[in-house]
Each structure stands twice: as C-alpha cells, then as structure tokens.
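Written below as structure tokens is the structure these notes are about.
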Amino acid sequence: MRVEVVVPGLLADCTGGRAKFSLEADTLQGALDRLVDDYPLLKRHLYDESGKVRKHVLLCYNNENIDWLESLDVPLHPGDRLAVMQLVSGG
C-alpha cells in the first residue's frame, strides 16, 4: 500500500530535496522502517541513540501522534498519511 509522507522543509535535504513523497509498505511500522531505509540521513533526525523518537519530533499517522497508538502494526489503507513534525520552543 502506498502512504503519503510529508517532512518539514528543513529535513528535505535528507530526502533528496522532497518534502512530500510516497512510499510502499503494508503496515505503519513497515512505513517507518522503509522511511529510514530509503533515507538513512533522516534517521538521526528522527530517532535518538536508543532508537526512540526524539523529544522534539512528532511522527503522526493520519493526524494522530504515533505515541498514542497501542501498536505500530496498523495496516495501511489508501489515502493514509505519515507526517514528520519538528517541535519548536522558545520565548
């Protein structure tokens, strides 16, 4: 199944200059694995040394933070979307 992926413009240099693209996977976990397999430079921006999503990054599946999902073994469907968002803080 194809899933649409959107990354912030600041990370587009890690994805061949593209901020929006699609990739093929059967499950959400498969899509996340494929994302870092296809774009290895992106991995260090998304995950820390222990393999957890960095605190300043949100990975959203169809507008839902993946941290709120019980499992990442969610089957993908036409029209599904995976978005990478970077949190900004300051005053």
[atom1]-[atom2] distance between [X] and [Y], expressed to the nearest 0.5 angstrom:
X     : Y     : atom1 : atom2 : value
Phe21 : Asp38 : CZ    : CG    : 8.0 Å
Leu69 : Leu28 : CG    : CG    : 6.5 Å
Leu23 : Arg34 : CG    : CZ    : 6.5 Å
Leu59 : Arg54 : CG    : CZ    : 12.0 Å
Thr15 : Leu41 : OG1   : CG    : 9.5 Å
Leu32 : Lys43 : CG    : NZ    : 12.0 Å

[Y] and [X], any side-chain heavy atoms less than 4.5 Å apart:
X     : Y     : value
Val57 : Leu87 : no
Gln86 : Leu11 : yes
Cys14 : His45 : yes
Leu72 : Thr27 : no
Val5  : Tyr39 : no
Leu46 : Leu35 : yes

- prompt: What about Val53 and Val84, same hydrophobic cluster or not, with Ile/Leu/Val/Met/Phe/Trp/Tyr joined at side-chain heavy-atom distances under 4.5 Å?
  reply: yes

Minimum-distance pair of heavy atoms, taken over all atoms of [X] and [Y]:
X     : Y     : value
Ala19 : Ala12 : N-CB, 4.3 Å
Met1  : Asp26 : N-OD1, 4.2 Å
Gln29 : Asp73 : CB-OD1, 4.0 Å
Ala25 : Ala31 : CB-N, 3.4 Å

- prompt: Above 12 or not: heavy atoms from other molecules or residues under 6.0 Å from CG of Asn63?
  reply: no

- prompt: Sub-3.5 Å donor-acceptor pair from the side chain of Asn65 to the main-chain atoms of Cys60, do we have one?
  reply: no

Exam field: side chain Arg2 to backbone Asp80, donor-acceptor pair closer than 3.5 Å: no

